[in-house]
Amino acid sequence: MILAVLSGFIFAALVPFFSKFFKRTIPFVLCALPILLFIYFISFLNQIELGSYLMFSYSWVPSLGIDLDFRLDGLSILFALMITGIGSLVFLYTANYLKGHQYLDRFYGYLSMFMASMLGVVLSDNLMTMFVFWELTSISSFFLIGFNNEDAASRKSALTALGITGLGGLVLLAGIVILASVGNSYSFTELLGSSDVIKSSSSYHWIIGLVFVGAFTKSAQFPFHFWLPGAMKAPTPVSTYLHSATMVKAGIYLLARFTPLLGDTYWWNGTLVTIGAITMIYAAIHSLFRVDLKSILAYSTISALGILVFLIGIGTEKALLGAAIFILAHALYKAALFLITGIIDHETGSRDASKLAGLQKVMMPVAIAGFIAALSSAGVPLLIGFISKEVMYEATLQLGQWAIILTILIVLTKIFLFVAGFWAGIKPFTGPLPKEFQKAHLPSALLWVPPLLLSVLSVVFGVFPGLLEKSLIQSVFSSISGSATIIDLKLWHGFNTALMLSILTLVVGFAIYWFLQPSEKNFQKTIRFERISPEALTRDFGNIFSWFAGFWTRFFQNGYLRNYVITILAFLTFLMAYRIFIGVKIHIDWDQISTVTPSEIIVVTLMIISIFIAIFSKSRTTSIVALGVVGFANCLFFLFYSAPDLAMTQFSIDTLTVLLFMLILFRLPKNKTYSSKTIRIRDGVLSLIFGTLVAILVLEVFEYPSSTDISKFYADNAYVLAKGRNVVNIILVDYRASDTIVETVVLVIAAIGVYSLMKLDLNPIKKN
Amino acid sequence: MEILLIIIIGLLHAGGLYMLLRRSMFKIIIGLILLGNGANLLIFLLGRLVKGHPPVLPDGAKIFAEIYADPLPQAVILTAIVIGFGLQSFAIILIKTVFKVLETDDLDELNSTDEEI
Amino acid sequence: MKSLLFKTASDYLLPLLLLFSVFMLLRGHYEPGGGFVGGLMAAIAFLIHSFAHGLKETRNIIRINPGMLMPIGLLLTLLAGIAPWLIGQPFLTGLWFEEPFRFVGVVGTALLFDIGVYLVVIGATLTIMFSITETV
C-alpha cells in the first residue's frame with residue numbers, strides 16, 4: 001500500500017533522469033502507473049462493505065504519534081478510483097495533447113507527483129500525514145497551473161491558487177492540531193471513538209471553523225472561489241484532472257470524512273448549507289455570463305462543489321447518498337466536458353462559446369461524448385446525472401419547514417447548470433459550421449477516446465445503477481453517514497414530486513438554452529461588478545499589505561547600524577521597564593550575600609576605573625590597555641569564586657586579544673569623535689537606563705533560588721559515569737560534547753574568515 | 001559582594017551599549033568586548049557565588065561531600081569566552097580590512113560605497 | 001622586539017610552555033585545565049616564539065601549516081563521537097579502557113575528544129594570529 005501511494009513520487013523523481021533517453025516513449029510508460037494503481041484499487045472493492053475498512057500501518061515518527069497509516073474504506077476507495085481512473089485517461093490524453101512539448105517530461109513528473117499526493121490525502125488515516133499530502137497537492141498544483149511559465153497571467157494564477165489553498169492549508173493545520181489535542185490522537189479511526197467528547201468540548205467551534213476554512217479554500221467555496229477560474233490558465237488536462245475531478249474535491253472529501261466525526265450539529269449543518277447554497281447559486285449565475293468555454297466550466301464546477309457542500313450540510317441519509325452519487329456523476333461528466341473543450345481548443349484554436357458551432361460534422365465521436373456529458377449534467381433520465389438529481393431533490397423535499405426554500409435553490413441551480421452544460425457540451429457541435437472552423441478535423445484517438453469512455457460510463461451507470469449500488473456507493477454511503485441502512489438505487493422512482501421537479505428543470509433549462517446565447521455583451525455586464533467581487537477585495541487587501549511591508553522595511557532598514565541597535569535595545573528596555581513598572585519585589589537578603597574582602601574592593605575599584613578609561617580615553621592604546629585590565633579583573637573574579645578553569649581561559653584569551661589589538665592598532669587612524677554632543681548625551685542616557693535595568697533585572701532574578709537539578713546530576717555522576725573529577729571539563733567533553741563540537745566548528749569558521757580576509761587583496765578606493 | 005558585581009555588570013552593559021552606538025568602528029569593537037564581559041559575568045553571577053570550592057572532586061571521593069560552585073554556568077562561559085575571541089578577532093580584522101580599502105573607520109561613510117566595490 | 005635576552009628566554013620558554021599546555025590538557029579530566037586552556041597556552045607559546053624569532057622560524061618549528069591542525073582536530077572529535085557506533089552505542093557515548101594509565105589516568109574517548117579540541121584551538125588561534133602578523 002505504501003508503495004502504491006508513494007510510487008507517484010518515485011516516478012516524479014525519476015522522470016528527469018530518464019527523459020533524455022526515452023523522450024518519445026516516456027508518456028506511455030508513465031500511463032502504466034495510474035492504470036496499474038486503478039486495477040490495484042479495484043481489487044479491494046469486494047473487501048469493503050457496509051462501513052468496514054482496511055488499515056495499513058507503517059511507522060514514521062512514532063514519538064510524535066505521526067504514522068503512515070492508510071485507511072481504505074468506501075469513501076477513500078471512491079476517491080482513489082477517481083484519482084487513478086481519471087488519472088489514467090488524463091495521462092493518455094496528455095500524451096497527444098502536449099505532443100512534442102519541450103517540457104512534456106516535466107509535466108508528467110508534476111502530474112504523477114500530484115496523483116501521489118492526492119492518493120495520500122484520501123488514504124491517510126493519520127491527520128498529520130494527511131495534512132502533509134494536502135499541502136503537497138497545493139504545491140504540485142502550483143507547478144501545473146504555472147506550467148506555461150513564460151506567461152505572466154499563468155504565473156499570477158498559479159500564485160493566487162497557491163496563496164489561497166496554502167493559507168487554507170495552514171488554517172486546516174491549526175484545526176487538526178486542536179482536534180488532535182481534544183481527541184488525544186492524530187488517528188482518524190481512533191478519533192471516531194471520541195466523537196461525542198469532541199462535539200461537546202469548548203473548542204468544537206474552533207475546530208469546525210478552521211476545518212471549514214481549509215475545506216472551503218481547497219474546494220473553491222464562496223468567498224474563496226476566485227482562484228479556480230484563474231487556475232484555468234493551466235493546460236486543459238490539468239483543469240480536467242485537478243480542477244474538476246480530484247483536487248477541488250479534496251475539500252469535499254475532508255468534509256465528508258469528518259461528517260461522522262464532527263457533523264450533525266447546529267453549526268456544522270447551518271454553516272455548510274449556507275455557504276454551499278451561496279456558492280452554488282452564485283457560481284451557477286456567473287457561469288451564464290461567460291463566453292470562454294473553460295470559464296463556463298470553471299463556474300459550473302464551483303457551483304457543483306457548492307451543491308456537494310450543501311448536501312453534506314443537510315446531513316440526512318438521503319442527502320449524503322445524493323452527495324456520494326453526485327461526486328461520481330460530476331467527476332464523470334465534468335471531466336468529459338473539460339477534455340472535450342481541450343479537443344475543441346486544440347483543433348480550432350478557439351474556446352469562444354458564442355462563435356463555436358457545427359463541429360459535429362468534423363468530429364463526430366467527440367460530439368457524441370459531448371452530448372452525453374451535457375445530458376448527464378442536465379440530469380436527463382437513463383444517465384447517472386439523473387439518478388443523483390432525483391436523490392438530491394428527494395433529500396431537500398424531506399426537510400420540513402426548510403424544504404421549500406432549499407428545494408427552490410437547488411432547482412434553480414440545476415436549471416442554470418443545465419444551460420452551462422449544454423453550452424459546453426452541445427452548443428459547439430450543433431448548427432451550421434462557421435467558415436473559420438472548416439479546417440478542423442478529428443484528432444487522434446488518444447484525445448477523443450478518454451472523454452467518450454467517461455460519457456459511456458455515465459450511460460452504463462445510469463441505465464444499470466445496480467452495478468454501482470452494491471459494489472461502491474453502498475460502502476461510500478456507509479462511511480460518510482456511519483449508518484448501516486441498505487440503499488436502493490432505482491431508475492424509476494414513480495410519479496412523485498421529485499420527478500415533477502426534474503421535468504420542470506429540464507423544460508425551463510431547455511427554454512433558457514434556446515433563448516439565451518452566450519455573448520460577449522453579457523460578459524461585459526458583469527465587469528462593472530468586478531470591483532466588489534471577493535477577488536478584487538483580496539487583491540486590494542494584498543496591495544495594502546505589500547505597501548505596508550515596503551514602508552516598514554524602508555523605515556527600519558535604513559542602513560545605519562546604530563539605528564538598528566537603538567531600535568532593538570529601546571524595545572528591550574521598554575519591555576524591561578514595563579516589567580519593572582508592574583511590580584518588582586527586590587529584597588536583599590544580607591545574610592545570603594558573601595562578605596567583601598579588601599582585595600576584592602581593590603579589584604572592583606580597578607575594574608570600574610578601567611571601564612571608564614576604556615570608554616572615554618582619547619588615546620587608543622590607553623583604551624586597549626584599560627580593556628585588558630577589565631578582562632584581567634574579570635579573571636580575578638573567576639579565581640575568587642571557585643572557577644579556576646574560567647580564570648585560566650579568560651587570562652589566555654585576554655592576552656591574545658590585547659596582542660591582536662596591538663598588532664593592528666598602528667594601522668588605524670586617530671581616535672576621532674564623530675558624533676555631536678547632543679547625540680552623545682542621548683546615547684549616554686539610553687545606555688545608563690539600559691545598564692540600570694539590567695542590574696535591576698539581575699537583582700530580581702537573584703530573588704529566586706537557582707535551579708541546580710542539572711548541575712547536580714552532572715556533579716553526582718561525574719565520577720560514577722564519566723570517570724573524571726573536574727566537572728566543568730566533563731560537561732564540555734562528555735555530557736555536552738556535541739555542543740562542543742559545534743563550538744569548535746564556529747572557531748574554525750572564524751579562523752577561516754580571518755585568514756581569507758587577510759589574504760584578500762583589496763586596493764584602496766580613491767575617494768572623490 | 002554580589003551587589004558590587006551587579007553594579008559592575010550594569011556598568012559593563014551600559015558602557016558596551018554606549019560604545020556600540022558610536023560611529024567609529026574601533027569603538028564598536030570595544031563595546032562588543034565590554035558587553036561580552038558583562039554577559040559572562042552575569043551568567044556567572046546567576047550561578048551564585050561560592051568561595052573556595054571549585055567543582056572538582058577531591059582525590060578519592062566519588063561524590064561531592066560539601067558545597068561546590070555550580071559547574072554548568074562555568075562550562076557555558078568557558079565556551080563563550082573562546083567563541084567570543086573568534087568573533088572579536090574576526091571583527092578586528094574586518095575593520096582593519098575596511099580601513100585599508102576605504103581609509104576611514106567612520107560607519108556613516110560606508111553607506112555610500114556599496115556600488116563602488 | 002628581537003633583543004637577545006628575549007630571544008634566549010623564548011628558546012627555553014617554548015618547550016616549557018608547550019609541556020605545560022600538554023600537562024594542562026591531560027589533567028583536564030581531574031583538575032582544572034582541559035583542551036581549551038591547553039590549546040590557548042600552546043598558541044601563546046608559539047606566538048611568543050614568533051615575536052622573538054620572527055614568523056618564519058616559528059613556522060619551521062611547527063613544520064605543518066597550523067591551519068591543518070583544525071581539520072585534524074575536528075576529525076579527532078568526530079572520531080571520538082563515532083567510535084561508540086562500532087559497538088552499537090549512541091553517538092558520543094563515553095568509552096574507557098579498563099585499567100588507568102600512569103600520569104594520564106583513565107584513557108577513553110573523552111580524552112581523544114579533548115585532544116581534538118586542543119588541536120582545533122591551537123590551529124584556529126595560530127591561523128588568526130599568524131595571518132595578521134604576516135600582513136601587517
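Labels below follow one simple rule: chain letters A, B, ... track the order of the sequence lines, proteins then strands, and each chain is numbered from 1. Note that the coordinates shown come from a computational prediction; the quantities given were computed from them, not determined experimentally.
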- [ ] Could you tell me which portion of B/Ile28 (side chain, backbone, both or neither) has an atom closer than 4.5 angstrom to a non-hydrogen atom of chain A?
- [x] side chain
Open item on the list: Counting only non-hydrogen atoms closer than 4.5 Å, does B/Leu94 touch chain A with its backbone (N, CA, C, O), its side chain (CB onward), both, or neither?
Closed with: both
- [ ] Answer yes or no: is there a side-chain heavy-atom contact under 4.5 Å between A/Ile679 and B/Arg23?
- [x] no
Task: Neighbour count above 12 (heavy atom, 6.0 Å) for A/Phe612 CZ - done: no
Task: Most contacts with chain A, counted as non-hydrogen pairs under 4.5 angstrom, among B/Pro73, B/Gly38, B/Pro71, B/Gly86 - done: B/Pro71
Open item on the list: Is there a side chain to side chain contact (heavy atoms under 4.5 Å, CB included) between B/Thr79 and A/Asp739? Walk through the geometry before answering.
Closed with: CA-CA 9 Å; B/Thr79 44; A/Asp739 294 355; over 6 Å; no
Task: A/Phe651, CZ: over 12 other non-hydrogen atoms inside 6.0 angstrom - done: no
- [ ] Please identify each residue that fulfils side chain to side chain donor-acceptor pair (under 3.5 Å) with B/Asn40, with sequence neighbours left out.
- [x] none
- [ ] Return the option, out of B/Ile83, B/Leu34, B/Ile30, with the maximum number of heavy-atom pairs under 4.5 Å with chain A.
- [x] B/Ile83
Task: Toward chain B, the part of A/Ile566 with a non-hydrogen atom under 4.5 Å - done: both
TODO: Among the options B/Met19, B/His13, B/Gln88, pick out the one with the most heavy-atom pairs lying under 4.5 Å from chain A.
DONE: B/His13
TODO: Begin from the C-alpha positions of A/Phe640 and B/Leu49 and carry the test side chain to side chain contact (heavy atoms under 4.5 Å, CB included) through to its verdict.
DONE: CA-CA 9 Å; A/Phe640 288 156; B/Leu49 300 182; over 6 Å; no
Open item on the list: Please report the interatomic distance CG(A/Leu627) to CD1(B/Ile29), rounded to the nearest 0.5 Å.
Closed with: 10.5 Å
Task: Choice from B/Gly10, B/Pro55, B/Ala75 maximising heavy atom contacts with chain A below 4.5 Å - done: B/Pro55
Task: Straight-line distance of B/Ile6 CD1 to A/Leu699 CG, nearest 0.5 Å - done: 4.0 Å
- [ ] Could you look at B/Ile92 and say if it's the side chain, the backbone, both or neither that has a heavy atom under 4.5 Å from chain A?
- [x] both
Task: Distance, nearest 0.5 Å, that separates CG of B/Leu5 from CD of A/Glu600 - done: 8.0 Å
- [ ] Could you tell me which of A/Ile653, A/Val698, A/Val565 has the largest number of non-hydrogen atom pairs under 4.5 Å with chain B?
- [x] A/Ile653
Task: Verdict with supporting geometry, A/Ile624 and B/Phe26, side chain to side chain contact (heavy atoms under 4.5 Å, CB included) - done: CA-CA 10 Å; A/Ile624 292 171; B/Phe26 174 77; 4.0 Å; yes
- [ ] Tell me, out of A/Asp654, A/Ile689, A/Leu646, A/Leu732, who's got the most heavy-atom pairs with chain B below 4.5 Å.
- [x] A/Leu646
- [ ] Would you give the length of the straight line joining atom CG of B/Asn37 to atom SG of A/Cys635, rounded to the nearest 0.5 angstrom?
- [x] 10.5 Å
TODO: Return the option, out of A/Asp683, A/Ile611, A/Val728, with the maximum number of heavy-atom pairs under 4.5 Å with chain B.
DONE: A/Asp683
- [ ] Go through B/Ile7, B/Leu41, B/Leu20 and name the one with the most non-hydrogen pairs under 4.5 angstrom from chain A.
- [x] B/Leu41
- [ ] Nearest 0.5 Å please: distance from the CD1 atom of B/Ile81 over to the CE atom of A/Met648.
- [x] 11.0 Å
TODO: With a 4.5 angstrom heavy-atom cut-off, could you sort out which part of B/Tyr18 is near chain A: side chain, backbone, both or neither?
DONE: both
Task: Side chain / backbone / both / neither for B/Leu21 at chain A, heavy atoms under 4.5 Å - done: both
Task: Backbone of A/Val727 reached by a side-chain donor or acceptor of B/Gln74 within 3.5 Å - done: no
Open item on the list: Looking at every heavy atom in both A/Phe638 and B/Phe44, which two are closest together, and how far apart are they?
Closed with: CE2-CG, 3.7 Å
Open item on the list: Less than 4.5 Å to any heavy atom of chain B: does that hold for the side chain of A/Val746, its backbone, both, or neither?
Closed with: side chain
Open item on the list: Can you tell me which of A/Thr692, A/Leu569, A/Leu697, A/Ile749 forms the most heavy-atom pairs within a distance under 4.5 Å of chain B?
Closed with: A/Leu569
Open item on the list: To the nearest 0.5 Å, what is the distance between CD1 on B/Ile8 and CZ on A/Phe637?
Closed with: 4.0 Å
- [ ] Measure A/Val604 against the heavy atoms of chain B and call it side chain, backbone, both or neither at under 4.5 Å.
- [x] both
Task: A/Tyr735, part contacting chain B, at a heavy-atom distance under 4.5 Å - done: neither
Task: Contact class of B/Ile33 relative to chain A, heavy atoms under 4.5 angstrom - done: side chain
